[in-house]
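These notes concern the structure reproduced below.
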Amino acid sequence: MPEGIFCNKQPVETKERLHEVLGDKGGAKYYKEMESLEVDVPALKALLKTSCKSRLKTWLNGCMRCGLCADSCFLYIANDKDYRQVPSYKIQTTLGELVAKNGEVDTKFMIHCMDVAWSQCTCCNRCAIYCPMGIDVGVMFSYLRGILFSQGFIPWEMKIGSGMHRVYRAQMDVTSEEWVDTCEWMAEETEEEWPGLTIPVDKKNADIIYTVNAREPKHYPEDLAHAAILFHLAGENWTVPSEGWEETSLAMFAGDWKAAKMQVESVYAAIDRLKPKRMVVTECGHAYRATVTEGPYWAGIKDGKPPVESLHYVEWVAEALRTGKLKIDPAKKIKEPVTYQDSCNYIRNAGLADDVRYIMSQIAEDFREMIPNREYNYCCGGGGGLNGIGRYRKERNVGLTVKRDQILATEAKLVITPCHNCWDAIRDLEEVYHIGIRWSFLKPLLVDMVLVPEHLKHLEA
Amino acid sequence: MYHFITGPLLWVSFAIFFIGTLTHVVLYVKNLDWELDRVSYGAHTLWGIRGALRSICLWMTPYGTRSWRIKPLYTFMFYLFHVGGVLVPLFLSAHGVILKSRWGISLPTLPGFVADLLTVGVMIAVVGLSIRRCIRPEVRALTSGREIGTLIIAVAPFFTGFMAYHQIGGGNFWTLAHILSGEMLLVAVPFTKLSHMVLFFCSRAQIGMDFGIKRGGMKSVGMPC
Ligand code: SF4
Ligand code: SF4
Ligand code: SF4
């Protein structure tokens, strides 16, 4: 069974392997090797047998081919209503065929499946709410990704991403030491302006355990400083864990369910160790999806809930504003037209639309809804890992046009994007299409807007 | 001949229909798997039931979901087809007479002209839906012989019944054709996409529970499924 040096069925599990695969720039050799990667048909059959049950089978066989899902998919719209972008068509010609042939497929077919699974579906689940039969094509593509992962047919970046989680328990090569150092560094930097501010690491029994996206310590450490300032101003008793601090899961995008489980268990272990009352997750959509919505199932928790009540950052902000822990200076509210990117992962798939509306009512004078919005909003265009995959850059950029037009229609120049993926996609959107917009997480905006309580007003005077 | 198709053949058809659909439901529910589906069906039962009912009711209500509302013409044809398709066979007075005389069951019946109108509605809807299948590229791409075949099997009893009722052409011929096509429909349900007669409810209940329990139903009333 020929397997490549870079492209093979083994997940990346060591630093050395990670470096090797990373060394193959852009995956040039990786994709070349993939062309001769053989399909392990017996393994595929066995996997289908144990995992393709009621729900999936009914979704595949019970699709009435009515086409109502077509217009729901932003990729269908972005690609001039090409029938090959109809959700039902996409899944039937990939997973549908794979199941119909009971796994008797070849390499070429698997590469085709890979291309469709990662470049023609961001797993945004929008089509699910338009299908009369309740068929969720996004969930099926996620399942297909798992199958493709097990056979080694995954985009190069996904292989690396899942490897990162296996090696570092983080989506990037950030070790626990580096993370704790970053916390200390940010605490020192911030303390000058905010005396008394700390970033408590591994404090037991705190009210809140705060967990992040590895990109924050790696590339945007000020985000951590902002989080600390806001917790400080709100008077929260909070902590970060030295281990199990990473919320995200490229493993989920990659379909590497084993790594997804390892990742989320590291967070739950931190909760067990530190016994916080609640968890707050940073401004990341898929991280929330992975750790709060899906994670409990990977970890085998029967009631489907994380070990403690867990809040997305927007939930915490909404709560802090409602209870008056954070107060907005009315003079500093956003005056210009501003819009909001409803993330599929915590809006459509977690029901937090109202919290967001409440926040916007408090911080903005001229909030403009995108149309459609809330649970019906379109994916930013870069979800499900698509943002990060070089092989599909062109397809991603075409997909961005739907969001571009939605934003343009609001006439707002500022887009609030409390999701790392959405943030990236909208940044890239501006880079590619130059529509003159700015984009921001909530934290930096809030830090400039909140009233500082009397007793914390040291250096300002 | 007549005795055979209205006797044993009818019995067999009903048996296949009921056993087949029941098997679908039992297997569906039995093979749901909280770990594979990642929905804790057993843990938040009330939320699950709420989500499932919400999902089924919203989608059974004409124009009750956004998906129905943004396709008004399609939705009209869809309901024309399904309302007639369900009501006429169950509540047609001629069927009622047979039910009463054979098994002593009496169901309320539809006035003749209403049943007639509904039947015409079903046939118009099938023509409309077929035209849509041919002219809309996104639906044409999804259409295979299976879809066409299913539509023909579904509409055949209505067409033949209409012909028999109005005594067009050989009344006897159409009556026989009607009974046979009705039996074909019953037998086809478990083996074709017509199984959505029951699987619609299973699948809707499942996605309703999914959104109701896991994907936001506990935090928002606005979930559309
Ligand atoms: S809306 Fe649902 S049933 Fe209709 S084609 Fe799409 S997936 Fe199939
Ligand atoms: S999940 Fe989203 S991207 Fe995927 S097919 Fe459905 S609507 Fe399109
Ligand atoms: S990046 Fe944001 S909008 Fe795009 S799929 Fe993810 S959550 Fe949805």
Side-chain angles (χ1 to χ4, degrees), chain A residues 50-59 61-72 76 81-86 88-89 92 125 128-136 139 143 293-294 296-298 300-305 315 346-355 372 374-376, chain B residues 24 27-40 42-44 55 59 65-68 70-71 74 78 129 132-133 136-144 146-147 150 193 195-196 199-200 202-208 210-211 213-225:
Chain A
T50 51
S51 61
C52 190
K53 299 256 180 90
S54 274
R55 181 174 74 159
L56 283 165
K57 276 199 188 138
T58 305
W59 279 350
N61 300 332
C63 169
M64 301 308 290
R65 313 284 180 120
C66 64
L68 281 195
C69 50
D71 292 311
S72 71
Y76 173 74
K81 309 210 164 197
D82 181 344
Y83 69 86
R84 284 166 302 186
Q85 291 281 1
V86 175
S88 167
Y89 184 89
Q92 292 292 346
N125 309 101
I129 59 179
Y130 286 83
C131 170
M133 288 296 290
I135 294 171
D136 191 332
V139 169
Y143 171 74
T293 311
E294 311 287 350
Y297 296 97
W298 297 328
I301 300 173
K302 264 203 128 164
D303 78 346
K305 299 284 160 203
E315 286 180 279
Y346 66 84
I347 303 284
R348 174 156 46 255
N349 286 299
L352 304 184
D354 288 333
D355 283 336
R374 297 176 61 109
E375 291 84 2
Y376 298 96
Chain B
H24 269 300
L27 284 181
Y28 185 90
V29 176
K30 193 176 140 260
N31 285 325
L32 283 178
D33 184 318
W34 73 273
E35 258 179 313
L36 285 177
D37 304 346
R38 302 206 294 266
V39 181
S40 50
H44 308 277
S55 167
W59 281 91
T65 63
R66 179 178 285 223
S67 194
W68 288 145
I70 57 174
K71 302 264 184 228
Y74 173 82
F78 177 94
L129 291 170
R132 176 174 176 271
R133 270 200 189 280
R136 301 286 306 226
E138 82 274 22
V139 204
R140 197 170 54 220
L142 299 175
T143 302
S144 67
R146 279 179 77 182
E147 280 67 42
T150 312
K193 290 208 172 171
S195 56
H196 78 272
L199 289 178
F200 164 83
C202 297
S203 186
R204 280 247 66 89
Q206 192 282 327
I207 197 82
D210 191 329
F211 276 95
I213 293 170
K214 172 183 156 189
R215 292 197 256 170
M218 294 186 185
K219 287 190 171 162
S220 146
V221 284
M223 290 317 294
C225 290

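Please read all numbers here as calculations on a predicted model, not as lab measurements. Just so you know, these numbers use all the heavy atoms, side chains as well, and skip hydrogens, waters and symmetry mates. In what follows, chains carry the letters A, B, and so on, assigned in the order in which the sequence lines appear, proteins first and then strands, with residues in each chain numbered from 1.
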Checking [X] against chain B: side chain, backbone, both or neither under 4.5 Å from a heavy atom?
{"X": "A:K81", "result": "neither"}
{"X": "A:Y76", "result": "side chain"}
{"X": "A:T293", "result": "both"}
{"X": "A:Q85", "result": "neither"}
{"X": "A:N61", "result": "backbone"}
{"X": "A:I301", "result": "backbone"}
{"X": "A:D82", "result": "neither"}

Proximity breakdown for [X] and chain A, heavy-atom pairs closer than 4.5 Å:
{"X": "B:T65", "value": "neither"}
{"X": "B:E138", "value": "both"}
{"X": "B:Y74", "value": "side chain"}
{"X": "B:K71", "value": "side chain"}
{"X": "B:I70", "value": "side chain"}
{"X": "B:R140", "value": "neither"}
{"X": "B:D33", "value": "side chain"}
{"X": "B:L32", "value": "both"}

Side-chain contact, heavy-atom cut-off 4.5 Å: A:Y297 with B:E35?
no
So A:K57 and B:Y28, do their side chains get closer than 4.5 Å, heavy atoms only?
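Of all side-chain heavy-atom pairs linking A:K57 with B:Y28, none is under 4.5 Å.
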To the nearest 0.5 Å, what is the distance between [atom1] on [X] and [atom2] on [Y]?
{"X": "A:D303", "Y": "B:K214", "atom1": "CG", "atom2": "NZ", "result": "13.0 Å"}
{"X": "B:R215", "Y": "A:N125", "atom1": "CZ", "atom2": "CG", "result": "5.0 Å"}
{"X": "B:S203", "Y": "A:I135", "atom1": "OG", "atom2": "CD1", "result": "6.0 Å"}

Compare every heavy atom of [Y] with every heavy atom of [X], then report the nearest pair and how far apart it is.
{"X": "B:I207", "Y": "A:W59", "result": "CD1-CZ2, 4.0 Å"}
{"X": "B:L36", "Y": "A:R55", "result": "O-NH2, 4.3 Å"}
{"X": "A:N349", "Y": "B:F211", "result": "OD1-CE2, 3.9 Å"}
{"X": "B:A43", "Y": "A:K302", "result": "CB-O, 4.0 Å"}
{"X": "B:E147", "Y": "A:R65", "result": "OE2-CG, 3.1 Å"}
{"X": "B:S220", "Y": "A:G351", "result": "CB-O, 3.2 Å"}

Is a salt bridge present between A:D355 and B:K219, judged by a nitrogen-to-oxygen distance below 4.0 Å?
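The answer is no: the pair does not qualify as a salt bridge.
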Counting heavy-atom pairs under 4.5 Å with chain A, which one of B:K30, B:R66, B:K193, B:H44 comes out on top?
B:R66
Between B:V39, B:T143, B:L199, the one whose heavy-atom pairs under 4.5 Å with chain A are most numerous:
B:V39
What residue, out of A:P132, A:A70, A:S72, A:C69, has the most heavy-atom pairs lying under 4.5 Å from chain B?
A:P132
Can you tell which of A:K305, A:E294, A:K53 has the highest number of heavy-atom pairs within less than 4.5 Å of chain B?
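Ranked by heavy-atom pairs under 4.5 Å with chain B, first place is A:E294.
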Using side-chain contact (heavy atoms from CB on, under 4.5 Å) as the criterion, point out the one residue from B:D37, B:N31, B:L27, B:V29 that pairs with A:S54.
B:N31
Short question: side chain of B:R132, backbone of A:C66 - any donor-acceptor pair under 3.5 Å?
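Looks like yes, one N/O pair under 3.5 Å.
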Determine whether a donor-acceptor pair (N or O, by modelled atom type, separation under 3.5 Å) exists between the side chain of B:H196 and the backbone of A:G62.
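A pair under 3.5 Å: no.
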Evaluate the side-chain contact (heavy atoms from CB on, under 4.5 Å) criterion for residues A:L68 and B:W68: first the C-alpha distance (whole Å), next the side-chain angles of each, then the deciding distance (0.1 Å), finally the verdict.
CA-CA 9 Å; A:L68 281 195; B:W68 288 145; 3.7 Å; yes
Could you tell me whether B:R133 atom CZ has more than 12 heavy atoms of other residues or ligands within 6.0 Å of it?
yes
